[in-house]
Number of protein chains: 2
Amino acid sequence: MAKSKNKNTEAQILNAAKQIFQTKGMDGARMQEIADKAGINKALLHYYYRNKQLLFEAVFKNAFSLLAPQLSAVLNDDSSIENKIKNFTSNYVSFIIKHPYLPNFIIQELNRNPEFILKLKENKDFPNLEKFKIQLTKDVSDGIIKPISAEQLFINILALNIFPFVAKPLIMAFTNTDNKSYNRLMENRKTEVSNFIINSIKHT
Amino acid sequence: MAKSKNKNTEAQILNAAKQIFQTKGMDGARMQEIADKAGINKALLHYYYRNKQLLFEAVFKNAFSLLAPQLSAVLNDDSSIENKIKNFTSNYVSFIIKHPYLPNFIIQELNRNPEFILKLKENKDFPNLEKFKIQLTKDVSDGIIKPISAEQLFINILALNIFPFVAKPLIMAFTNTDNKSYNRLMENRKTEVSNFIINSIKHT
DNA sequence: GTATAGTTTAACTGTTTGGTTAATCGCTTT
DNA sequence: AAAGCGATTAACCAAACAGTTAAACTATAC
């Protein structure tokens, strides 16, 4: 079984590392805990991934490669701005439910080490605003959409969708909600948020 | 000089701890590094604050006590909803410039330890939505503002204002901006964001 | 069946880290 | 001037930690 276990253990390690790193961060994670969660010896971690930093980077890149396509969808598909916003908003909530710790993990670790994103930017799949910018400029000059820069609109879309999950404990406290009703709030946002954005930018 | 230095060192420690904890987080911070930054011996940290956890809590509570009044302003002053949004949005950007690491620090540490907010909720100054809710309900039934729940609107206000600072490295990469032009973007948001919100919710 | 090569482990190492201790310093009081 | 006391330090300690090593295990090739 040894050789067939090969790929299996490697994936098991990555999966365990994902759980630990995404909840505790690079500094809070312990190699021993990852090994325990993967059900293997600690030395085996170093056999597959040479050290903590490399294991972390594998997890981080993997996480980012899940998030990036979600964003690229808003920026590069061929539908109208209005539809892009609608689709992204409803899809993103579903996406997050599958990967609840992901956005916070990425944001937290990028703040700890901002140079890290330079490596990611070299990738050709890295989200790019150009197409979105052209489309928006056209819609604005056509009078479909009120004047707004692509950067500001993009920031607003990200903010309204991502922030409620990143700041979940804080917002739960302010709004006095438990987990169940918070999830209901988030479920409502699938349509609330896109209406909110479109209301704001669409010419009447 | 010893007794006069008393209050001075305690504040120096808290200040150094603030800088280290807010940039590196609880797990990434080192007691030695805090001592060095405060210009004192490591044992003196334990003399004033018994251990790392208590020193951290002092820093955290201090940070939260700066943020809370900013939020309470939106919720409890007597101006119109429109003015609240305008004021908060422009004030918040100025506030952040003075305390750039603060929102991220609070969000990050609350995610690491969500039970921590329970202690804070006991405080009577803890931001409360009740007044805001009543005001909004009235404005909605008076036809001044389009139907929206207080929770959703409050989340939107926080998201649009706070997220760009929390996710700064990520957004800088997506929008291809350096520090200078990012700050310009943020400066523009002082008016952009409040217009964006008011456009969306105000009845025409 | 045994040599080979990749996989896995137990045990170990060196260093970092939070925290302690006992001594010293310097001001104030008497 | 010396006793008293809070503030400060150097030196130390035990635990936790990332990483290493050398041996054992297991499937396959010959």
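Order of the sequence lines sets the chain letters (A, B, ...), proteins ahead of strands, with each chain counted from 1. The structure displayed is predicted, hence computed values, not measured ones.
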- Query: Step by step, would you call B:S94 with B:N91 a side-chain hydrogen bond (donor to acceptor under 3.5 Å, both in side chains)?
  - Reply: CA-CA 5 Å; B:S94 313; B:N91 289 343; 5.5 Å; no

- Apply salt bridge (charged side-chain N to carboxylate O under 4.0 Å, His left out) to A:E187 and A:K190, showing your working. CA-CA 6 Å; A:E187 197 61 36; A:K190 282 190 183 182; 3.2 Å; yes

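Per the geometry, NZ belonging to B:K52 stands 8 Å off P belonging to C:dG19, to the nearest Å. For A:N8 and C:dT8, the CG to C1' distance is 14 Å, given to the nearest whole Å. As a whole-Å value, the separation of A:D36 CG from C:dT9 P is 11 Å. Rounded to an integer number of Å, the gap from CZ of B:F56 to P of C:dG18 is 14 Å. Per the geometry, CD belonging to A:E10 stands 15 Å off P belonging to C:dG6, to the nearest Å. A:Q53 has its CD atom 13 Å from the C1' atom of D:dA18, to the nearest Å. Atom-to-atom, CG of B:N51 to C1' of C:dT20 comes out at 13 Å; the value is rounded to the nearest Å. Rounded to an integer number of Å, the gap from CG of A:N41 to P of D:dC25 is 14 Å.
One finds no side-chain N or O of B:R30 lying less than 4.0 angstrom from the OP1 or OP2 phosphate oxygen of C:dT16. A:T9 has a side-chain polar atom (N or O) that falls below the 4.0 Å cut-off from OP1 or OP2 of C:dT8. An OP1 or OP2 oxygen of D:dT8 is reached within less than 4.0 angstrom by a side-chain nitrogen or oxygen of B:Y48.
Looking at A:K42, its side chain never comes within 3.5 Å of a backbone N or O of A:A35 through a donor-acceptor pair. At distances below 3.5 Å, not a single donor-acceptor pair connects side-chain atoms of B:Q135 with backbone N or O atoms of B:L75.
Side chains of A:K168 and A:N179: a donor-acceptor N/O pair is present below 3.5 angstrom, by distance only. When only modelled atom types and interatomic distance are considered, A:S181 and A:D178 share a side-chain donor-acceptor pair under 3.5 Å. No side-chain donor-acceptor contact under 3.5 Å links B:Q152 and B:N156.
Of all nucleotides listed (D:dA7, C:dA10, D:dA18), C:dA10 comes nearest to the side chain of A:A43.
Using a 4.0 Å cut-off on heavy atoms, the residues of residues 12-29 of chain B that approach DNA chain C are B:A29, listed by number.
For D:dG19, the base has a donor-acceptor partner in the side chain of A:K42 [N/O atoms by modelled type, under 3.5 angstrom].
Nucleic acid contact class of A:I40 (heavy atoms, under 4.0 Å, all strands): sugar-phosphate only.
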